[in-house]
Amino acid sequence: MRFVSLIFFALLGCTATAAQAELPEGARAMIDAAIASGDEKKVATVIGLARSTWPEERSTIDAINDQWKITLAARRAAEAEAERTALINADMFDRWTGEGELGAFQSSGNTESVGVAAALRLDREGIDWTHSIRLRADYQRQNGSTSREQFAASYEPRWQFDENIFAYGLAQYERDRIQGFSSRYSVSGGLGYRILDNPKLKLSLKAGPAYRVTDFTDGTSADRLAGLVGIDFDWQMLDRLKLTQDVEALAETGGEATLIFDGANTTINLVTGLDFRVSNRLRSRLSYKVEYDSNPPAGSEGTDTLTRATLIYGF
């Protein structure tokens, strides 16, 4: 009886081996080559092709695919752990990325002119904290005199304490003599919410109290409490084409101690951009900016527009 059992299991093993061997050598080599490349799309394509070409070997192909998924999951877990370890061990000067922007602009409103636009953006993303630094300058000299001189700088740290909710801080400096102020400082802090966060669409909102100090070109100054609302929207329309929309509204109060949103002055910055990716590091951008001031200084218009055509290089 024991001898019969041994023969039975031996025959069963031979049958399984034969079934495994029935997958053509070329097909197995094609699948192995795709898996060796590590390209998930290529593996999915080859597995799908093998299933449709050899449907009688579907169980064998599925077993190979299941093993690939296990290997892939283990690789992703190891990469995620390595990335987390690197983030924990990095010091404050590590892991910064950035992009530089250079181009020309055309303006209307307070000025009708063309000039040069330059910008720099630096970002650092940690486990819970992100840091963003932005610098921008629009400058023009015409007939020996400066016809536009606009500078802006900001620093924004964020703490992502929930999957979609974050706390932010924001410090800004602006200079725009055409709009009537030699310097303007503002600080804000509050909460934000990520409404959409996927490869195609990203949308987040933030809001909080703010405090702003403005030094006007006539020598006067004003410091007031304010409220800030920000919107950030990105839409990856095509593989190389991306639409961005940034809105920031800041409403000042008319007094020094109360916080309202319909007080002395409201400013709105609206920037719409269309980015075309030329390569992994280089892209071109066409953007349109609207700056609205509900209570501009005497002699200045309340609305300025700015159209920029720039090249952006990431590093």
Side-chain angles (χ1 to χ4, degrees), residues 98-123 132-156 170-188 210 212-218 228 230-234 242-250 265-276 278 282-315:
E99 58 184 32
E101 183 177 354
L102 184 64
F105 68 84
Q106 184 273 330
S107 68
S108 63
N110 288 307
T111 60
E112 297 287 344
S113 60
V114 294
V116 176
L120 176 67
R121 175 170 179 166
L122 299 173
D123 296 293
S132 294
I133 298 174
R134 299 185 185 185
L135 306 172
R136 179 171 292 280
D138 296 317
Y139 184 77
Q140 181 193 26
R141 289 186 63 84
Q142 187 174 20
N143 298 324
S145 61
T146 302
S147 59
R148 186 174 188 91
E149 185 184 40
Q150 186 180 47
F151 303 102
S154 68
Y155 167 60
E156 181 177 356
L170 179 63
Q172 293 178 301
Y173 165 79
E174 300 171 87
R175 174 186 174 91
D176 191 343
R177 299 185 68 86
I178 302 299
Q179 283 194 329
F181 58 90
S182 56
S183 61
R184 184 160 65 190
Y185 307 88
S186 60
V187 291
S188 176
R212 184 158 73 174
V213 179
T214 305
D215 295 322
F216 298 101
T217 53
D218 62 3
L228 183 143
I231 302 173
D232 187 2
F233 173 71
D234 294 336
K242 182 178 181 180
L243 176 70
T244 63
Q245 181 71 72
D246 298 317
V247 181
E248 186 175 284
L250 194 148
N265 190 27
T266 299
T267 59
I268 299 175
N269 289 329
L270 173 65
V271 183
T272 303
L274 196 61
D275 290 10
F276 178 77
V278 180
L282 184 66
R283 69 183 192 271
S284 61
R285 170 179 289 173
L286 180 64
S287 63
Y288 183 72
K289 179 179 181 180
V290 178
E291 296 181 348
Y292 170 74
D293 192 328
S294 67
N295 187 20
S300 299
E301 293 187 17
T303 302
D304 249 7
T305 64
L306 190 65
T307 303
R308 297 187 183 98
T310 56
L311 288 176
I312 302 172
Y313 182 78
F315 55 88

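Contacts of Asp176 classified as side-chain hydrogen bond (donor to acceptor under 3.5 Å, both in side chains), with partners at least two apart in sequence or in another chain: Gln150. Annotation: side-chain contact (heavy atoms from CB on, under 4.5 Å) contacts of Asp234 (sequence neighbours excluded): Lys202, Asp232, Lys242, Thr244. Not counting sequence neighbours, the partners of Thr272 by the side-chain hydrogen bond (donor to acceptor under 3.5 Å, both in side chains) test are Gln245.
At a threshold of 4.5 Å between non-hydrogen side-chain atoms, the residues Val290 and Thr303 count as touching. Two residues are said to be in side-chain contact when any heavy atoms from C-beta on lie closer than 4.5 Å; Leu274 and Phe276 fail this criterion. Taking 4.5 Å as the limit, every side-chain heavy atom of Arg308 sits out of range of all side-chain heavy atoms of Arg285.
Asp215 and Ser182 are not linked by any side-chain donor-acceptor pair at a separation below 3.5 angstrom, with hydrogens and angles left out of the test. Judged by distance alone, the side chains of Ser132 and Glu156 never bring a donor and an acceptor atom under 3.5 Å apart.
Looking at every heavy atom in both residues, Ser154 comes nearest to Leu170 through CB-CD1, 4.3 Å. The heavy-atom pair separating Gly100 from Leu120 by the smallest distance is CA-CD1, 4.5 Å. Closest of all the heavy-atom pairs between Leu228 and Ala210 is CB-CB, 4.4 Å. Smallest separation of non-hydrogen atoms from Val278 and Ser284: CG2-N, 4.3 Å. What you find for Phe233 and Asp246 is that their closest heavy atoms are N-OD1, 4.3 Å.
Going from atom OG1 of Thr305 over to atom CG of Leu270 covers 11.5 Å, rounded to the nearest 0.5 Å. Expressed to the nearest 0.5 Å, how far CG of Asp304 lies from OH of Tyr292 amounts to 13.0 Å. Residue Gln172 holds its CD atom at 4.0 Å from OG of Ser186, rounded to the nearest 0.5 Å. Remark: Leu102 CG to Tyr313 OH distance equals 14.5 Å, nearest 0.5 Å. Once rounded to the nearest 0.5 Å, the distance linking CG of Asp293 with CG of Asn269 reads 10.0 Å.
Using a 4.0 Å cut-off between charged nitrogen and carboxylate oxygen, Arg283 and Glu99 count as a salt-bridge pair.
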What's the verdict on side-chain contact (heavy atoms from CB on, under 4.5 Å) for Glu174 and Thr267, showing C-alpha distance, side-chain angles and the deciding distance? CA-CA 13 Å; Glu174 300 171 87; Thr267 59; over 6 Å; no

Between Tyr155 and Leu135, is a side-chain contact (heavy atoms from CB on, under 4.5 Å) present by the stated rule, with each step listed? CA-CA 9 Å; Tyr155 167 60; Leu135 306 172; over 6 Å; no

Evaluation steps, side-chain contact (heavy atoms from CB on, under 4.5 Å), between Arg121 and Glu101: CA-CA 8 Å; Arg121 175 170 179 166; Glu101 183 177 354; over 6 Å; no

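Checked against a 6.0 Å centroid threshold, the rings of Tyr185 and Tyr173 count as neighbours.
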